[in-house]
Structure formats: structure tokens, C-alpha cells
**Q** 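Have a look at this one.
Labels below follow one simple rule: chain letters A, B, ... track the order of the sequence lines, proteins then strands, and each chain is numbered from 1. Bear in mind that the values here come from a model prediction, so they are computed numbers and not experimental data.
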Protein chains: 2
Amino acid sequence: MMDVAKLARVSPSTVSLYLRRPSAVSPSAGQEIDRAISTLGYVPNLVAGGLAAASSKVVSIIVPSIRNAFFAETVSALQSELAADGLQVLLGHSEYAEDQEEALVRTALSWAPAAIVLTGLSHSAGTRKLLQASGIPVVEMWELGGKPIDMAVGFSHPQVGATAARHLLSKGRRSLAFLGARMQEDHRAEKRASGFAEAARAGGVSACEVLNHPGAATVEAGSLLLNRALQQVSGLDGIACSNDLIALGALFECQRQGIAVPDEIAVMGFGDLSFSASCIPSLTTIRPSGELIGKEVARLILGSIHGERPEGASRIVDTGHVLIERKSS
Amino acid sequence: MMDVAKLARVSPSTVSLYLRRPSAVSPSAGQEIDRAISTLGYVPNLVAGGLAAASSKVVSIIVPSIRNAFFAETVSALQSELAADGLQVLLGHSEYAEDQEEALVRTALSWAPAAIVLTGLSHSAGTRKLLQASGIPVVEMWELGGKPIDMAVGFSHPQVGATAARHLLSKGRRSLAFLGARMQEDHRAEKRASGFAEAARAGGVSACEVLNHPGAATVEAGSLLLNRALQQVSGLDGIACSNDLIALGALFECQRQGIAVPDEIAVMGFGDLSFSASCIPSLTTIRPSGELIGKEVARLILGSIHGERPEGASRIVDTGHVLIERKSS
DNA sequence: GTGAAAGCGCTAACAA
DNA sequence: TTGTTAGCGCTTTCAC
């Protein structure tokens with residue numbers, strides 16, 4: 001920066017100012033600086049900038065797994081929005097483990113990030129304490145219904161489960177099953193399941209089983225779970241899945257066993273993944289809109305950084321969910 | 001760090017040394033420091049550390065899109081391996097655009113990262129110059145067959161295409177089509193296509209068309225592409241797809257139109273995604289192992305940082321590809 | 001094995 | 001609108 005300043009015949013602080021607020025510098029000086037930057041090939045050192053400013057142009061995002069299409073969609077949208085404002089994304093995977101999340105939060109804080117984004121509302125006491133003490137803007141995403149540390153963007157998972165149950169009830173289904181995966185760790189999936197069971201019981205079903213596959217939510221898990229459901233629920237005529245991949249596996253398994261969907265069993269998923277509109281039969285599902293979540297998280301973060309921090313009710317954004325009715329139900 | 005030093009009754013430099021090389025400090029001093037750290041809840045400032053050390057504990061990863069399951073798998077594996085060594089991942093999306101990639105590289109360099117990971121071997125001249133001038137370890141991944149900037153981990157895409165063509169030929173198929181998406185931007189998919197076409201012609205096929213869908217590689221694109229292939233290739237009896245999602249769409253479309261797979265048309269994909277073993281019929285595909293790529297990239301990076309930088313042939317790692325034969329062919 | 005001292009490259013008062 | 005000045009919190013020689 002000193003070299004740039006020397007070549008442009010201004011002081012380093014003018015260069016610094018120009019880089020951060022170009023309008024605060026006279027146009028002629030700005031042009032000189034621009035020229036000097038490009039002839040020297042100057043690349044600013046954001047590490048030094050972060051140290052001096054006591055806050056770096058980085059946003060730390062912690063998700064359970066980037067291999068999950070939901071979070072990939074959100075991170076992708078978030079990254080695009082933040083990059084437009086010169087913010088970088090520091091990514092971490094908690095693998096659904098609170099202690100791992102706490103370790104990631106600790107490292108994240110060492111970067112003095114402009115904001116921290118976490119997934120869900122369940123965190124260790126240590127994580128909460130670290131974040132509250134830091135004073136850094138925190139956004140919890142993909143879940144609503146508890147008390148957020150700072151801000152939250154998402155939707156109610158029990159309500160998603162209830163929507164699924166009511167849809168199956170409206171189709172005259174009375175022997176239901178909820179097929180979920182990794183629910184011992186994935187609290188949000190577990191909440192969809194309990195919301196489903198509650199609404200199903202309130203609707204007076206004759207049977208409602210919640211089945212869990214301890215491994216990841218995959219197509220194969222869906223096949224396994226459908227078979228277990230057939231064994232455990234007599235007269236099974238409706239299933240809801242915690243993820244479209246599981247629903248797809250269930251559809252395949254029905255096809256293999258000659259079970260007509262939706263005539264014998266109605267199937268619905270969650271996520272509205274890319275294949276859900278095109279599979280056979282097309283899949284009724286609930287769309288949470290990971291992209292919208294990403295955009296809203298970005299909006300809250302940019303608001304916190306630039307203008308004033310959002311206050312009161314505006315610190316919680318409900319992105320809702322949408323039932324997409326297709327042929328599988 | 002000064003507070004920790006005061007409480008532990010040592011100098012700040014001893015604390016710093018202990019944090020980086022515990023064995024260089026006497027056990028008694030180490031214990032005192034540990035105690036002081038936990039009573040004070042000290043979190044090191046990596047920004048300051050990065051500035052002083054002129055290199056930060058960050059690895060910048062630039063992929064075309066994290067929503068692509070291939071890259072999600074690699075980034076996931078890579079981040080786990082790096083996190084075990086205290087390295088953070090800075091993520092960027094190029095969206096298959098070289099100028100966007102260059103902008104990301106420029107920002108990445110401002111963080112003085114310990115290493116930079118790029119996708120593929122095609123980059124703008126500016127990107128190459130920036131990286132070469134930086135002296136930072138660079139790993140290009142998911143492609144082999146050109147001259148890497150520094151190190152590379154991946155496989156040959158034309159060879160993948162050739163494997164697909166030979167497989168279909170071995171099944172007696174002679175009217176072939178390659179279904180790809182976004183090939184105007186995704187050079188690797190385009191190379192799989194050209195490798196396929198070349199090997200098909202060398203095998204004496206009667207027809208071989210390469211069809212491109214300009215949008216993303218999705219199930220829906222697969223359905224559209226299959227229909228176009230049916231129109232353009234008379235007697236079509238074998239198709240290879242640049243991605244398992246496209247292949248799944250083709251399978252669905254065949255089912256819709258009553259085309260028997262593999263009897264009338266053999267279908268194969270690329271990627272071995274989670275549904276490929278479970279769909280109907282199960283999908284013959286080629287597995288590139290994104291996870292292995294991630295692990296090998298991590299190995300090269302950790303080698304460059306700790307020990308000496310890999311030299312000569314060991315700077316290029318071929319992770320190969322594996323044909324997974326299933327029922328769709 | 002430990003400590004003193006000199007920065008790393010920038011930002012942000014504040015003064016001019 | 002521009003420049004001067006004093007750090008930001010750590011690492012890294014180099015003595016001791």
C-alpha cells in the first residue's frame with residue numbers, strides 16, 4: 001500500500017480510504033491510485049486489514065454437512081450474496097455433533113468474523129456462551145420455534161410434519177408411517193416426525209408409526225424403511241418421509257414390490273429436490289426453500305454490518321414451507 | 001496472550017511458542033499456560049497470527065458450484081482432513097466462469113492462505129499469473145491431462161468417456177448418444193463427451209451424437225435430452241450421460257415411454273451418486289471418487305505446509321475411475 | 001528453555 | 001479532502 005501511495009503521490013491512508021470508501025477521495029486522486037494499483041498489481045492484505053479493523057471480512061458458516069442438498073443450496077445462495085459485498089465464506093461441518101460444532105465456533109471466533117451462521121437452534125452451552133460473549137452477529141438458520149442466540153431465519157419443523165399428516169388425512173389415508181433417517185442426531189427431522197405424529201393422532205388415524213434409519217438419508221435408506229413400515233403397519237396406506245431421497249427410495253421399493261402409488265400407498269417427501277418433479281410418479285413434497293433462507297440470512301448479516309443491527313421481531317424471519325402436491329399422493 | 005502470560009508468569013513469546021510447539025516449552029510452564037488459558041477463556045487471534053507469520057491457517061477452495069454433488073463430496077472430505085490439522089476452509093463458487101474465478105483468486109490471495117485449491121486445469125491467464133507470482137501451493141483438482149500450475153489431483157476425462165463408449169460397444173450397441181449438460185462451460189463434461197465420441201468412432205459405430213443441454217445437469221434435463229436423442233439418432237440403442245442425474249432422468253423418460261432398459265436402450269451415467277445403486281433398473285456408471293480426490297488434495301497440501309513441497313511426478317496424483325456395471329446396461 | 005524487541009500491513013482517530 | 005500518528009495481537013529472530 002505504501003508503494004501504491006508513493007506512485008500515486010498520496011499518503012497510504014488516502015489509498016486505504018479510497019479502497020474502502022472511494023467517494024471520500026477526490027476523483028483525480030482516485031484515478032492516480034487506480035493506475036498505481038494496476039501497474040503494481042497490488043493485492044490488498046485483508047489479514048492486516050482485519051487486524052487493524054478488529055473485524056475481518058469473513059462470515060463463518062457452520063452446517064451439519066455440505067453433502068446435504070438442503071445446506072448446499074443455502075450455502076450457495078449465501079456465498080453469492082455475500083461475495084457481492086466483498087465478504088468471504090469460511091465453511092465448517094459439524095456432522096450433527098454439538099461438541100464438534102463448539103470446536104468450529106471456537107476456531108471461527110479466532111478469525112474475528114463479521115458474522116457467524118449456525119444451523120438449527122440446538123447448541124452446547126459452551127457454544128452459546130462463546131457467541132454471546134463475542135458480540136458478533138449470529139444467525140441461526142433452518143429452524144424456528146425456540147429462542148435464538150441473536151437472529152434466526154427458517155421455519156417450524158413440527159408444522160411441516162403437521163402439513164404432511166393433514167395432507168395424507170385429506171386423501172383419506174388412515175394407516176400412516178413417517179420414515180426418517182439419522183433422527184437420533186438430526187433434531188429437525190425428529191421434530192418433523194413428532195409434528196407429523198401429533199397431527200395424525202389429532203386427526204384420528206388408526207395407526208401411525210415413526211421409523212428411523214440411523215444412517216444418512218439416502219435412497220437406499222428409503223427402500224429399507226419402506227419394507228420395515230410394511231411389516232410394522234398393517235393396512236399401510238400413507239407415508240411421509242423426512243427427505244425426498246428417502247421418498248424416492250420408497251417409490252422404487254413400491255415399484256419393485258408391485259405396490260401401486262398412490263392407489264395403495266400415498267407417498268410424500270420433504271425438500272423438493274431436483275428429481276422430485278420428474279420421478280415416477282412425480283413426488284408430492286414440502287418445499288422449504290433453502291435458497292430463500294440463504295438470501296434472508298445474507299440480508300440480516302449485511303444489515304448488521306452496514307446499517308444498524310436488526311431489532312425485535314425483525315431479527316426472526318419465517319421463510320415458511322409450501323406443500324407441492326404431485327401424483328404420488 | 002499477554003494476560004495469559006501474566007497469569008502463567010511467563011513472557012508472551014513463551015505462550016506463543018507453547019501454542020505452536022508445545023514440546024519446546026518445559027512441562028511445568030506448559031501446565032501453567034494451559035491453566036491460564038482455560039481460566040481466562042483465551043481464544044487466540046488468528047488474524048494477528050496470520051499477519052505476523054505472513055501466512056494464515058486458511059486454505060482457499062474454489063469450485064464451480066457446491067450444489068454439485070461431486071464437489072460437495074470433495075469439499076466435505078477436504079475440510080474434514082484439513083480441520084484435523086487446524087486449517088480452515090475458505091469457500092468460493094466460480095459458477096464455471098473464468099473471470100469470476102479470477103476475482104475469487106484475487107480475494108483469496110488477500111488472505112495469504114496456506115494453499116489454494118482450484119477445480120480443473122482451465123483458468124484465465126490472469127489467474128495463472130497471480131498464482132505463480134504468489135508462491136503459494138496450488139492444487140488443481142478433478143482434472144488431469146494438461147500442465148498444472150503447481151500440483152494436480154484427478155483423472156482423465158477423455159478416458160472416462162472412452163471407458164463408457166467401450167462398455168456400450170462391448171454390449172453390442174452401435175447407435176449411440178452422449179447426453180451432457182452445461183458443456184459450453186463445463187470443460188470436463190465436454191472432454192468426457194469428446195473422449196466418448198472418439199472411442200465410439202474408433203469402435204466403428206453406426207451413429208454417435210453428442211447432445212448438450214445448456215442448463216444445469218438435472219433429472220429434468222435428462223428427460224429432455226433423451227427425447228432429443230430419440231429424434232436425432234435412428235435405432236438408438238445406447239446412451240452415456242455426463243452425470244448420473246441426467247441418466248436418472250433418461251431412465252424415467254424411458255419408463256414413461258415404455259422403452260425397455262437395457263433391452264432396447266442401454267443407459268449409463270457418471271458419478272455413482274447415492275441413488276444409482278437403488279434406482280430401477282440399477283444404473284451402470286463410472287465412479288470418480290470425489291472423496292478420494294479430497295483426501296489426496298489434503299495430503300498434498302499438508303505435505304507442502306509441513307514437510308517439504310512434493311517434487312516431480314509426486315505432484316500429480318491420478319485417482320483414476322472405476323466402471324460400475326449394473327442392470328441398466 | 002525463556003524473554004526482549006522489532007515488526008507484519010493495514011485502519012481509524014484526529015488534525016490540518 | 002488529505003496526511004500524521006498510534007496501534008491491532010501476534011510471531012520470530014536473537015540474546016541470554
**Q** If you look only at pairs with a residue in residues 298-307 of chain B, which of them pass as a side chain to side chain donor-acceptor pair (under 3.5 Å), with sequence neighbours excluded?
**A**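 Checked against side chain to side chain donor-acceptor pair (under 3.5 Å) - neighbours excluded - the pairs reaching residues 298-307 of chain B are B/D85-B/H306, B/E296-B/R299.
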**Q** Heavy-atom nearest nucleotide on DNA chain C for B/L51 versus A/A53: which residue maps closer to 5'?
**A**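 The answer here is B/L51.
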**Q** Mind checking which nucleotides bracket the chain A contacts on DNA chain C, 5' to 3', with an atom under 4.0 Å from a heavy atom?
**A**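 The contact span of chain A on DNA chain C goes from C/dG9 to C/dA12.
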**Q** Can you pull the ring pair (Phe, Tyr, Trp, His ring centres under 6.0 Å) pairs that have at least one residue in residues 45-64 of chain B, sequence neighbours excluded?
**A**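 Pairs touching residues 45-64 of chain B that pass the test: none.
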**Q** Taking all heavy atoms of B/F155 and all of B/D318, pick out the closest pair and write down the distance.
**A**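 The pair with the smallest heavy-atom distance is CA-OD1, 3.8 Å.
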**Q** Report the distance from atom CG of A/N45 to atom C1' of D/dC8, rounded to the nearest whole Å.
**A**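 Atom CG in A/N45 sits about 13 Å away from atom C1' in D/dC8.
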**Q** Can you pull the side chain to side chain donor-acceptor pair (under 3.5 Å) pairs that have at least one residue in residues 125-151 of chain B, sequence neighbours excluded?
**A**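 Only B/T74-B/W142, B/H123-B/E140, B/S124-B/T127, B/E143-B/K191, B/D150-B/R309, B/D150-B/R315 qualify under side chain to side chain donor-acceptor pair (under 3.5 Å).
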**Q** Can you give me the closest heavy-atom contact between B/I301 and B/A115, atom names plus distance?
**A**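 Closest approach of B/I301 to B/A115, heavy atoms only: CG2-CB, 3.8 Å.
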**Q** Could you list the residues that satisfy side chain to side chain donor-acceptor pair (under 3.5 Å) with B/S16, not counting sequence neighbours?
**A**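 If we apply the side chain to side chain donor-acceptor pair (under 3.5 Å) test to B/S16, skipping adjacent residues, the hits are B/R20.
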**Q** Between atom CD of B/E73 and atom CG of B/L78, what is the distance when rounded to the nearest 0.5 Å?
**A**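 The CG atom of B/L78 is 12.0 Å from CD of B/E73, to the nearest 0.5 Å.
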**Q** For B/R35, which residues count as a side chain to side chain donor-acceptor pair (under 3.5 Å) partner, sequence neighbours excluded?
**A**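 B/R35 satisfies side chain to side chain donor-acceptor pair (under 3.5 Å) with no other residue.
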**Q** May I ask you to decide if B/G154's main-chain N or O and B/T319's side chain share a donor-acceptor pair within less than 3.5 Å?
**A**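 Yes, because the side chain of B/T319 sits within donor-acceptor range (under 3.5 Å) of the backbone of B/G154.
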**Q** Report yes if some heavy atom in the side chain of B/V63 is under 4.5 Å from a heavy atom in the side chain of B/N68; otherwise report no.
**A**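 In short, these two side chains do not touch, never coming nearer than 4.5 Å.
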**Q** Tabulated below should be each protein N or O lying under 3.5 Å from an N or O of nucleotides 3-7 of chain D; please produce it.
**A**
from  : atom 1 : to    : atom 2 : distance (Å)
D/dG3 : OP2    : A/S11 : N      : 2.7
D/dG3 : OP2    : A/S11 : OG     : 3.3
D/dG3 : OP2    : A/T14 : OG1    : 2.7
D/dG3 : N7     : A/S13 : OG     : 3.3
D/dT4 : O4     : A/S13 : OG     : 3.4

**Q** Are any protein N/O atoms closer than 3.5 Å to N/O atoms in nucleotides 14-16 of chain D? If there are, list each pair with its distance.
**A**
none

**Q** Can you name the nearest heavy-atom pair linking B/G145 to B/L121, along with the distance?
**A**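 Residues B/G145 and B/L121, closest heavy atoms: N-CD1, 4.0 Å.
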**Q** Going by number, which of residues 16-43 of chain B have a non-hydrogen atom under 4.0 Å from DNA chain D?
**A**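 B/S16, B/R20, B/Y42 - these, ordered by number, are the residues of the stretch whose heavy atoms sit under 4.0 Å from the strand.
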**Q** Rounded off to whole Å, could you give me the CH2-to-C1' distance for the A/W111 and D/dC8 pair?
**A**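 Result: 15 Å.
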**Q** Taking side chain to side chain donor-acceptor pair (under 3.5 Å) as the definition, give me every residue that meets it alongside B/S156, ordered by chain and number, with sequence neighbours left out.
**A**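 B/S156 satisfies side chain to side chain donor-acceptor pair (under 3.5 Å) with no residue once adjacent residues are dropped.
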**Q** Can you find a heavy atom in the side chain of A/V117 that is under 4.5 Å from one in the side chain of A/V75?
**A**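 Sidechains of A/V75 and A/V117: no contact.
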**Q** Which atom pair, heavy atoms only, marks the closest approach of A/W111 to A/S56?
**A**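 Shortest heavy-atom contact: O-OG, 2.6 Å.
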**Q** Give me the stems containing DNA chain D, sorted by first residue, counting only three or more consecutive Watson-Crick or G-U pairs with both distances under 3.5 Å; say none if there aren't any.
**A**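 For DNA chain D the paired stretches long enough to count as stems (3 pairs minimum) are C:1-16 with D:1-16.
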**Q** Taking only residues two or more places apart in sequence, or in another chain, which ones meet A/H93 in a ring-ring contact (aromatic ring centres under 6.0 Å, His included)?
**A**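 A/H93 satisfies ring-ring contact (aromatic ring centres under 6.0 Å, His included) with no residue once adjacent residues are dropped.
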